[in-house]
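Some notes on the structure that comes next.
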Amino acid sequence: MIQSLRGMNDILSEDYKRFTYFIDVATKVATRYGFHFIETPLLEETALFKRSVGESSDIVGKEMYQFIDKGDNDVCLRPEGTAGVVRAFIQKKLDRAGGVHRFFYHGAMFRYERPQKGRLRQFHQFGCESFGVDSVYEDASMIMMVSDILNELGIGYRLQLNSLGDNNCMPSYHENLVSFVQSSKEAICDDCVRRLAINPIRVLDCKNDRCQFIYKDAPKLIDNLCKDCDSDFEKLKNILDANGINYEVDTNLVRGLDYYSKTAFEFVSDNIGSQSAIAGGGRYDRLVEFLDGKATPAVGFAMGIERLMELIVMPEVKRDGYYIGAMDDEALELTLSLVHKKRKTDRVATDYKAKNFKNHMKNADKANAKYFCMIGSNEIKSGEIIIKDLEDKSETTVKIENF
RNA sequence: GUGGGAUUAGCUCAGUUGGUUAGAGCACUAGUUUGUGGCACUGGGGGUCGCGAGUUCGAAUCUCGUAUCCCACCCCA
């Protein structure tokens with residue numbers, strides 16, 4: 001038997017219902033916030049991700065599905081959504097056009113990782129990207145939007161917040177941190193030694209207790225923000241407070257992708273195991289310029305759909321549509337004609353075999369139909385059928401031609 | 001990539017120190033008077049015990065390899 005590849009799932013039945021329900025809700029909310037759908041290719045030039053996500057990240061360093069295509073192009077299955085959207089934004093010259101552009105997308109992403117719960121090699125994200133707004137109000141709106149989506153889905157969460165600083169304050173902080181960590185280099189774990197060389201701020205969220213003990217006196221991002229970053233962060237907190245969004249400031253929250261600056265946030269759930277991040281995002285004011293576009297402030301987030309799936313509280317499914325069954329073989333043809341006719345407007349379930357009342361009733365309940373019709377010799381003779389409402393148990397008689 | 005656990009019917013799982021024909025519940029299917037409810041009862045179908053080797057008179061059971069899933073790490077949504 002040929003099986004699907006490791007970490008690649010089929011989505012069907014109940015899962016598919018949850019999946020589409022999520023997309024529906026998220027799309028509805030994003031539309032209310034003024035976002036428009038954008039579809040970008042699954043396959044992009046490798047350089048795009050190397051430049052945007054950054055070679056220091058594991059995503060680019062070791063998790064990309066990268067290959068040379070038949071035209072000798074170095075290409076990758078996208079490991080995340082932002083890079084492609086930014087590329088499209090620049091390619092369509094929207095950076096030159098000016099103004100505000102807001103996009104949402106959803107689709108498959110690919111990362112070559114060891115799978116576990118909430119981590120797949122092909123997985124799905126829903127994300128939003130906003131271009132052209134440098135106000136921190138937009139950051140706040142994004143967070144409120146994620147909150148709206150999660151609330152509508154009945155998903156509880158914790159929101160973690162941090163500021164990563166910008167071009168003014170980040171570099172000097174960076175230096176301070178490196179020299180601090182360097183001074184106890186012998187005591188930190190191997191991973192941190194590696195991080196120090198590749199992406200120093202990542203040492204901050206190391207899970208090793210010994211490392212954390214050392215880092216508790218390390219300089220904090222938040223204490224070293226420049227005036228702009230600091231006041232924006234304060235403003236952000238105030239807006240969230242004023243709008244009833246609970247959050248915790250986590251000075252060790254570091255986003256994994258190189259392009260973030262200033263606002264960084266992560267929504268986590270305590271109910272789905274160790275892969276607890278259900279949404280993450282932040283501001284990336286320099287990325288558009290970095291990808292050869294005209295400097296444009298931007299902020300965005302992405303949600304991991306598979307991680308959300310098991311947390312979604314589905315609305316109660318109501319009885320819907322018809323069940324039409326035949327009592328005897330002579331009635332089968334008329335039954336199918338009526339089914340066909342009704343299917344132009346309603347969901348209709350049927351059975352191709354003649355059955356007694358009880359068996360049809362069982363089918364109707366299984367199909368969760370609202371209305372129930374039986375076709376037998378009586379109906380053929382009288383030209384009338386009885387429609388039974390399975391909820392309130394009432395019955396109405398109609399002529400077949402009016403059905 | 002590193003370490004650990006698991007894999008038996010469509011699903012959830014039993015299966016004795018290695019010993020006849022591998023079981024249950026749910027699901028499926030048929031019947032229990034061919035016209036009023038989801039129930040109940042009685043049958044039926046369905047398994048290369050993940051896959052491949054090995055040990056043995058004999059393997060779901062022991063050993064090795066391999067695939068996948070799960071857990072932790074790394075990292076991330």
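The chains referred to below are lettered A, B, ... by the order of the sequence lines, with proteins before strands, and numbering in each begins at 1. Just so it is clear, the values below take in all heavy atoms, side chains as well, and ignore hydrogens, waters and symmetry mates.
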Any N/O donor-acceptor pair, [X] side-chain to [N] base, under 3.5 Å:
X	N	value
A/Arg111	B/A77	yes
A/Glu395	B/G35	no
A/Arg119	B/C75	yes

Base, sugar-phosphate alone, or nothing: which one does [X] contact when heavy atoms must sit under 4.0 Å apart?
X	result
A/Ile305	nothing
A/Gly376	base
A/Ser274	sugar-phosphate
A/Glu266	nothing
A/Glu379	base
A/Gly7	sugar-phosphate
A/Leu120	base
A/Glu306	nothing
A/Asp389	base

Work out how far the [atom1] atom of [N] is from that of [M], and round it to whole angstrom.
N	M	atom1	result
B/U42	B/G19	C1'	34 Å
B/G46	B/G65	P	36 Å
B/U12	B/U66	C1'	27 Å
B/U34	B/A27	P	24 Å
B/C13	B/U55	P	34 Å
B/G43	B/U68	P	44 Å
B/A14	B/G4	P	24 Å
B/C51	B/A9	P	10 Å

Compare side-chain N and O positions of [X] against OP1 and OP2 of [N] and report whether any pair is under 4.0 Å apart.
X	N	result
A/Arg307	B/A77	no
A/Arg114	B/C74	no
A/Gln116	B/C69	no
A/Lys366	B/C28	yes

Paired nucleotide for [N] [Watson-Crick or G-U wobble; both distances under 3.5 Å]:
N	result
B/G46	none
B/G31	B/C41
B/C51	B/G65
B/U12	B/A24

For this output row, return yes or no: ring centroids of A/His124 and A/Phe19 closer than 6.0 angstrom. yes
Which listed nucleotide ([options]) is nearest to the side chain of [X]?
X	options	result
A/Arg319	B/C70, B/G37, B/A30	B/G37
A/Glu113	B/U36, B/A77, B/G37	B/A77
A/Met327	B/G35, B/C71, B/C74	B/G35
A/Asn359	B/G31, B/C74, B/G35	B/G31
A/Lys388	B/A30, B/G37, B/C70	B/G37

Distance (rounded to the nearest 0.5 Å) between A/Arg18 CZ and A/Met309 CE: 7.5 Å
Please round to the nearest 0.5 Å and tell me the distance separating atom OH of A/Tyr157 and atom CG of A/Leu311. 13.5 Å
Between A/Gln3 and A/Glu63, which is nearer to the 5' end of RNA chain B once each is assigned its nearest nucleotide? A/Gln3
Closest-nucleotide mapping onto RNA chain B: is A/Ser276 or A/Glu391 further toward the 5' terminus? I mean the 5' end. A/Glu391
Look at the rings of A/Tyr323 and A/His360 and say which category their plane angle falls in: under 30° parallel, 30 to 60° tilted, over 60° perpendicular. tilted
Parallel, tilted or perpendicular: which fits the ring planes of A/Phe265 and A/Phe267, with parallel below 30° and perpendicular above 60°? perpendicular
When you compare the ring of A/Phe123 with the six-membered ring of B/A77's base, are the centres less than 5.5 Å apart and the planes under 30° from each other? yes
Check the distance between [N]'s [atom2] and [X]'s [atom1] and give it to me in whole angstrom.
X	N	atom1	atom2	answer
A/Asn356	B/U33	CG	P	9 Å
A/Lys381	B/G35	NZ	C1'	13 Å
A/Arg78	B/A77	CZ	P	15 Å
A/Gln160	B/A77	CD	P	13 Å
A/Tyr371	B/U36	OH	P	22 Å
A/Leu77	B/A77	CG	C1'	17 Å
A/Asn378	B/U36	CG	P	11 Å
A/Lys362	B/C28	NZ	C1'	12 Å

Qualifying residue, where the test is ring pair (Phe, Tyr, Trp, His ring centres under 6.0 Å) with A/Phe104 and the options are A/Phe35, A/Phe126, A/Phe301: A/Phe126
A/Cys373 side chain near A/Glu379 side chain, heavy-atom distance below 4.5 Å: no
N/O donor-acceptor pair under 3.5 Å between A/Arg307 side chain and A/Ala277 backbone: yes
Quick one: is the NZ or CZ of A/Arg286 closer than 6.0 Å to the six-membered ring centre of A/Tyr259, and within 45° of its axis? no
